Amino acid sequence: MKSSELVKRRAGPMIARVAVVGTGVIGRSWIQVFAAAGCETRVYDSQPERADWALEWMAEDLKLDCAERQITAKEADARQARVKLCRHLGEAVAKVGYVQESGPENMAIKKALYAELDRAAPADAVLASSTSGLDMTEISDGLPGGGRCIVAHPVNPPHVIPVVEVLPGKRTEPEVVSRTVAFLNSVGKKPVLLNFYVNGFLLNRMQAALVREAINLAESGVADVSAIDTVIRDGLGLRWALMGPFGVANNNADGGVREYFTRFRESYIRHWKELDQTPSMNTELIERLGQATDQMMNGVSRAETRHWRDRMVRKICALKQSDPGHER
Ligand SMILES: NC(=O)c1ccc[n+]([C@@H]2O[C@H](COP(=O)([O-])OP(=O)(O)OC[C@H]3O[C@@H](n4cnc5c(N)ncnc54)[C@H](O)[C@@H]3O)[C@@H](O)[C@H]2O)c1
């Protein structure tokens with residue numbers, strides 16, 4: 001599949017009825033993705049109070065969105081009406097075309113859950129996992145329906161951030177890969193296809209490399225956490241919302257990416273040679289980072305910050321859509 005095919009959008013969701021299984025931090029956010037896109041969204045969690053809480057959270061979040069005039073009250077009601085709480089897995093997955101599994105990140109639990117899903121869901125439904133790091137080849141090992149199992153790893157929170165990493169397992173059928181990509185496009189997501197499993201996928205590998213260095217710089221006292229966050233937030237991050245490392249390189253030298261990597265080859269190699277230290281991550285270090293972060297936040301609550309983040313990310317996405325540059 002060509003990358004240009006990954007950005008094609010359709011009018012309305014390609015699959016009318018979906019299930020979200022597991023309604024923690026990620027599952028509850030997926031509910032909003034599908035409901036906003038117009039899917040009838042079945043919701044199940046093995047702990048009923050977690051599913052109740054997810055729907056309460058959705059109602060609260062929609063109320064805030066209405067208050068801020070991001071959506072109308074009518075639209076909020078329509079989204080809520082599309083969500084159906086189910087107390088049994090079989091009821092949740094009956095007649096669905098797609099399941100977004102968002103259970104705990106534990107291989108034994110995922111394997112047991114996939115065995116149940118494979119028995120209960122219609123034979124042609126896609127079984128997609130939100131896993132951040134597990135291999136679908138192993139999760140679906142031995143299942144009769146291994147060919148319809150796939151990873152669709154979102155960025156938290158999926159109802160705000162578009163990218164989803166799509167990874168087939170060794171047995172995933174190519175048609176299931178295309179159907180998953182097309183469906184995710186149709187609900188407003190931006191699927192990115194990986195050719196094979198690698199620990200951490202794309203996103204968490206790159207994030208881990210950067211966070212390791214951020215912690216090393218803070219620990220060694222080169223700068224405080226506020227300065228380090230500022231360099232990302234008001235420096236690199238502003239460019240990164242528009243282009244990735246290769247796009248940045250292509251625009252940082254008049255001769256483009258080849259000139260950039262040729263001119264800066266030696267300095268990158270010098271940096272990389274000393275960027276190999278893994279932080280201790282002991283309790284004292286985490287506490288020191290915690291205190292410095294609390295100081296930076298200066299009493300502003302996480303709930304407040306998260307809602308502001310969600311609102312701003314949506315505005316940034318809308319701005320990018322209004323002037324898409326080379327993605328046009
Ligand atoms: N938290 C993140 O930032 C993040 C980001 C991307 C992907 N993910 C992935 O998403 C998945 C969910 O992560 P989370 O942070 O939402 O976890 P979480 O612990 O908040 O939620 C997991 C939910 O699954 C439920 N559950 C447990 N067993 C179940 C079963 N058999 N059937 C149905 N529900 C069951 C739990 O009751 C809980 O509500 C994980 O695979 C994780 O790696 C997490």
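Just so you know, these numbers use all the heavy atoms, side chains as well, and skip hydrogens, waters and symmetry mates. Whatever order the structure lists ligands and atoms in, that order sets their numbers, starting from 1. For reference, positions follow the sequence shown, starting with 1. The model shown is predicted, which means the values in this text are computed figures rather than measured ones.
A salt bridge links R79 to E75: at least one charged side-chain nitrogen sits closer than 4.0 Å to a carboxylate oxygen. Ion pairing between a basic and an acidic side chain is recognised when a charged N comes within 4.0 Å of a carboxylate O; R270 and E274 show no such pairing. Salt bridge K110/E101: present, at least one basic N to carboxylate O contact under 4.0 Å.
Within a 6.0 Å sphere centred on NZ of K84, other residues, nucleotides and ligands contribute more than 12 heavy atoms. Within 6.0 Å of CD on Q277 lie no more than 12 heavy atoms contributed by other residues, nucleotides or ligands.
Residue K110 touches ligand 1 through its side chain alone, judged by heavy-atom distances below 4.0 Å. At a heavy-atom distance under 4.0 Å, only side-chain atoms of L113, from C-beta outward, approach ligand 1.
Counting atoms of ligand 1 from 1 in the listed order, those under 4.0 Å from a heavy atom of S132 are 6 (C), 7 (C), 8 (N), 9 (C), 42 (C), 43 (O), 44 (C). Near S130, with a cut-off below 4.0 Å to any heavy atom, the atoms of ligand 1 are 7 (C), 8 (N), 9 (C), 10 (O). Heavy-atom proximity to G22, at under 4.0 Å, picks out these atoms of ligand 1: 24 (O), 34 (N). Interface atoms of ligand 1 facing Q47, defined by a heavy-atom separation under 4.0 Å, are 37 (O). Within ligand 1, the atoms closer than 4.0 Å to a non-hydrogen atom of Y44 are 32 (N), 33 (C), numbered from 1 in the order shown. Short contacts between ligand 1 and T131, defined as distances under 4.0 Å to a heavy atom of the residue, involve ligand atoms 41 (O).
Atom 5 (C) of ligand 1 has its closest protein heavy atom at I26 CD1, 3.5 Å. Atom 29 (C) of ligand 1 has its closest protein heavy atom at S46 OG, 3.0 Å. At the shortest separation from atom 37 (O) of ligand 1 among protein heavy atoms lies D45 OD1, 2.6 Å. Closest to atom 18 (P) of ligand 1, if we only count protein heavy atoms, is R50 NH2, 3.8 Å.
By the salt bridge (charged side-chain N to carboxylate O under 4.0 Å, His left out) test, D118 is found to be paired with R148, residues two or more places apart in sequence or in another chain being considered.
Y260 and F264 have tilted rings, their planes meeting at an angle from 30° to 60° on a 0 to 90° scale.
In this structure, of V25, I161, V151, the residue bringing a heavy atom nearest to atom 15 (O) of ligand 1 is V25.
Within a 4.0 Å radius of atom 20 (O) of ligand 1, the protein contributes at least one heavy atom.
Residue pairs that meet the salt bridge (charged side-chain N to carboxylate O under 4.0 Å, His left out) test with at least one member in residues 228-241, sequence neighbours left out, do not exist here.
Inclusion of E105 in the set of residues having an N or O under 3.5 Å from an N or O of ligand 1 is warranted.
L143 and V151 fall within a single hydrophobic cluster, where Ile, Leu, Val, Met, Phe, Trp and Tyr are joined by side-chain heavy atoms under 4.5 Å apart, directly or via other members.
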